Amino acid sequence: MLTNGTIVPSSLSVRDLQWQVDWDKDKCTLCGRCCAVCPVQAIELGVHRKRTIQIPSLAEIGPATASSNVYQVYHGIRQKTDPAYACTGCGMCNLVCPNGAIMGVRSEEIDKQRFHVNRGGQPRKRGGRRNSPDIHNLGTLDRIKFTRISMLTDPALDAGRHEFELRTLLGRVLPPEENLKLYRENGWIPPVREIYPLLIGSMSFGALSPNMWEGLQMGVAYLNEELGMPVRMCTGEGGCPPRLLRSRFLKYTILQIASGYFGWDEIIHALPHMKEDPCAIEIKYGQGAKPGDGGLLMWSKVNKLIAAIRGVPSGVSLPSPPTHQTQYSIEESVAKMIQSMYMAWGFRVPVYPKISGTSTALAVLNNLTRNAYAGGLAIDGEDGGTGAAYSVSMDHMGHPIASNLRDCYLNLVRLGKQNEVPLFAGGGVGKNGKLAANAAALIMLGASGVQVGKYIMQAAAGCVGSETDRCNVCNIGLCPKGITSQDPRLYRRLDPEKVAERLVDIYLAFDTELKKIVAPLGRSTSLPIGMSDALAIDDKDAAERLDIKYVV
Amino acid sequence: MCRLIAMTSSEPLSPILAMRALDVMREGHDGSGVGLFMSDLGGPFEELKGLPILSGICTGEGVKRLDQFMMNLGFMTKHKVSMRTSQKSPPRGTPRRDVYVIRAYEYPQAWEGLDRKETDFRLMMARLQLRQMGEEKEDMIIYSFWPDVIMIKEIGDPLQVAEYLQLDSAELRARVVLAQGRQNTNYAINLYACHPFFIQGIASMTNGENTAFVPIREYLMSRGFPGYMGYQSDSEVFTHIAHYMLNSLGLGIEAYKHIITPLQDGDLPTHPDGGFLTQLKHSCRRLIIDGPNCVIGRLPDNSVFLVQDRKKLRPAVVGGRKGLYAFSSEMCGLEAAIPDRDKTKDFQPMHLDTVIVPSDRSEVRICSQTEPLSLLH
């Protein structure tokens, strides 16, 4: 910009941006890969004009002496300062650079870009996570310690050699009296699935790229069929590829129905052709990343395949309503929806609702306990991730999972139904990489199982998103790793076989770590759901709130 | 790790025999408590079989309140055992008590015609009320109030306590004797934490800790049954699980292990009762224990049983002869209890076994969890 040029309110300098591209002219080979790979076109070829002042020696100066200015041109990159093209810090430029000549560096001060991401009256939308790093002040789940170690009075078990049965139940479990009576009388007993307590949470076909989805499905199938780990994966709201619906692998899948009913036309039509029942049906009423807001798949990701599976035209944004259009009361319409879903599979498949973490979770739960069909309750805390949401929803809406889950569990204990309506917790599990510890803490706080999404994306596919607003462009279909993009040029970067391998790695490592937690507590024959006497935290208020021990 | 001894005999025995067996296993208990359960009584109680017997410890003031309470309910004292301890000083570690109460009562007239279940419930409620009264003023500790059952618990070395209380008296004779010498671990020394535990004719004692105690306690307390309370010891839940299974689920003791240590998922499909056991495992999931435990108990029909945790991390040995059998934590305890037996027939039960000696003491039955359940017909 010239010194006398005009500036508009959103004219920013590189200094004002959140991520500043640090480029080293000396190392750059001018190969252009960084510009090609950048998902948001934050950098472009830069043709730089440079003046070099060459001062002749005094002896040479005379009337015929030529100008001392030498104008040169050099090539390199230039970072755009328009907020629409702001660098997201994904680091792909660094990944592809043969010489390591380029890297996005976070601004050392709070950026000015954040004040200009609402141009056109459109608030910022993004994918990813809540951006609550909790790095110096670890999150509640990370701070929970397991303090009841078996020492001498009872032997700690051997995580490597003892037998373990760390399974959980998904589905409505009846009180023993009623269950045994119905069994004797050949009555209807609600279907219950014995599954692995770490579930892959709902990430839709559409939000994820076909390669990512395929990789996860392959990994899940391998875990089940080769390793005997009954791992389950939820589809999210986006239907299910027709071939999967008609395959035996459907039994490892939890089908989600949400307020947009996307994909359900295909599912209903596939019903007569299904070889296996799905594991369960999850009715999504809410999501931790955007509580009280519906699903969102932005137009750029709705390609022909996605459109076909979802039964919509391609190239249009697909915002699901915040709530199911038929829902006017939990007593009636939610109950009806649960029953309709049971009916579709002849009462052989558990059906449970999923809600976002909220202070009204107790009311929902109380109601479900009175609904004889509700097969559980999944609660997604504020740290849950998403493919697309308004930034404000992600940053500020929702309830932390630990206390929400604990309240619900203790309420079930008061009602004597702690074994009957299993609670599944999600939202930020393993967000700082401590997957097994977070999951075990939630289980001992009362969760029957844990749903995890972001951790899987990071560990199985190399998602570069972080809690400090890095990348987070899942919404625009330009995921540089090919995880959430629908453009074959991008998602072919991701090898589904490798995703499957990494998924298996994750589960095997998690299983070992979970054993390394429960074995010293003297537990192995059943998942220690609600074993709160094992837990402690170094925060008095948190200890009181969660009804666990306080330690310093 | 505590030490356990259970004896079941066709002829009434003196409980001192069990105490001597505990004494030889003294490395395993520290004097923090000794508990004794007797049923199928001989001696003077032989004639009073149907009448409820109250067992406990009272202060002088407590006895007055006890008498008043029982009179108000309409109970008449029919027989009492007096333990004259006042002349002697108690053994080291044992507090001086005013009265060790063992009293048989005549049922109130108003209870005539009540069905068994209602009578049983009222007996339990009377015990719980007395326990609560005692806790308020710290003047009464009540262990049991049940026909044909006597319980004594005290702090101190088992044999010294037994001699101090003159448990070899001819008045105390029983065909079923359960005794535990306690090794106090992580709970306070409290007489209510002493084994055996008792509820409505079912008694059990345990060694080892119960690592799944808190979720099990929460589950039992939320059953809405007033007797599921106390839990000064993590082992009390074993008694209550047995009670819940027998009374609320209507299952026999063969199912007990299927509740507390169910078969693994891989074994269930091939089990003849796999369908039933899967349902039982699901709906009783919160009652699964994780050991290490050995549980020895007595059922209302005077049969005795023994089970261990899934990994068999607490020892037990079974031996005896027709008409007299014993379960013991250690071989030396069994040796002290029944020296004249065929030792080649002694055995240590395996991790899937439930050992049952029926009240006729004719044989030792072993039910393995992999066998069909006989009670399902």
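All of these numbers come straight from a predicted model, not from anything done at the bench. Each chain gets a letter, A, B and so on, in the order its sequence line appears, and its residues count up from 1. The basis for the numbers below is simple: all heavy atoms, side chains too, and nothing from hydrogens, waters or symmetry mates.
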Check: So which of B:Gly275, B:Pro262, B:Gly266 has the biggest tally of heavy-atom pairs under 4.5 Å with chain A?
Finding: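 Ranked by heavy-atom pairs under 4.5 Å with chain A, first place is B:Gly275.
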
Contacting region of [X] [heavy-atom separation from chain B under 4.5 Å]:
X: A:Leu180; result: side chain
X: A:Leu182; result: neither
X: A:Leu527; result: neither
X: A:Val173; result: side chain
X: A:Ser448; result: side chain
X: A:Tyr409; result: side chain
X: A:Glu163; result: both
X: A:Glu194; result: side chain

Note to self: Checking the side chain of A:Thr525 only, and the main-chain atoms of B:Thr261 only, is there a donor and an acceptor separated by less than 3.5 Å?
What the structure shows: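 No; judged by distance alone, with no hydrogens or angles, the pair does not exist.
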
Note to self: With a 3.5 Å distance limit and no angle check, can you tell me whether A:Asp533 reaches the backbone of B:Val214 through a side-chain donor-acceptor pair?
What the structure shows: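 Checked: no pair found.
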
Check: Are any of the side-chain nitrogens in A:Glu177 or B:Arg223 under 4.0 Å away from the carboxylate oxygens of its partner?
Finding: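 Salt bridge: no.
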
Check: Is A:Glu420 paired with B:Arg286 through a side-chain N to carboxylate O contact shorter than 4.0 Å?
Finding: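 No, no charged N to carboxylate O under 4.0 Å.
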
Notebook entry, point to check: When only pairs under 4.5 Å are counted, which of A:Pro176, A:Ser150, A:Gly171, A:Gly446 shares the most heavy-atom pairs with chain B?
Noted result: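 Top option by heavy-atom pairs under 4.5 Å: A:Pro176.
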
Notebook entry, point to check: Checking side-chain contact (heavy atoms from CB on, under 4.5 Å) for the pair B:Tyr219/A:Val413: CA distance, chi angles, key distance, verdict?
Noted result: CA-CA 7 Å; B:Tyr219 191 75; A:Val413 169; over 6 Å; no

Is [X] close to chain A through its backbone or its side chain, or both, or neither, when contacts mean heavy atoms under 4.5 Å?
X: B:Leu263; result: backbone
X: B:Asp265; result: both
X: B:Ile289; result: backbone

Margin query: Counting only heavy atoms not in B:Arg116 (residues, nucleotides, ligands), do more than 12 fall under 6.0 Å from its CZ?
Written below: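 Yes, CZ of B:Arg116 has more than 12 neighbouring heavy atoms, counting only those of other groups under 6.0 Å.
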
Check: More than 12 non-hydrogen atoms from neighbouring residues, nucleotides or ligands closer than 6.0 Å to CD on B:Glu118, yes or no?
Finding: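 Yes, enclosed.
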
Item checked: Partner of A:Glu165 by salt bridge (Lys or Arg N to Asp or Glu O under 4.0 Å), out of B:Arg310, B:Lys281, B:Arg285 ->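 Passing option: B:Lys281.
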
Gap between atom [atom2] of [Y] and atom [atom1] of [X] - 0.5 Å precision:
X: B:Ser222; Y: A:Leu415; atom1: OG; atom2: CG; result: 9.0 Å
X: A:Leu412; Y: B:Glu218; atom1: CG; atom2: CD; result: 11.0 Å
X: B:Leu313; Y: A:His162; atom1: CG; atom2: NE2; result: 5.5 Å
X: B:Thr278; Y: A:Tyr183; atom1: OG1; atom2: OH; result: 7.5 Å
X: B:His282; Y: A:Asn419; atom1: NE2; atom2: CG; result: 9.5 Å
X: A:Arg523; Y: B:Thr211; atom1: CZ; atom2: OG1; result: 5.5 Å

Item checked: Residues A:Ser524 and B:Lys311: side-chain donor-acceptor under 3.5 angstrom ->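 The criterion, which ignores hydrogens and geometry beyond distance, is satisfied for B:Lys311 and A:Ser524.
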
Checklist line | side-chain contact (heavy atoms from CB on, under 4.5 Å) partner of B:Gln279, chosen from A:Asn179, A:Leu174, A:Val192 | finding: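 Answer after filtering A:Asn179, A:Leu174, A:Val192: A:Asn179.
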
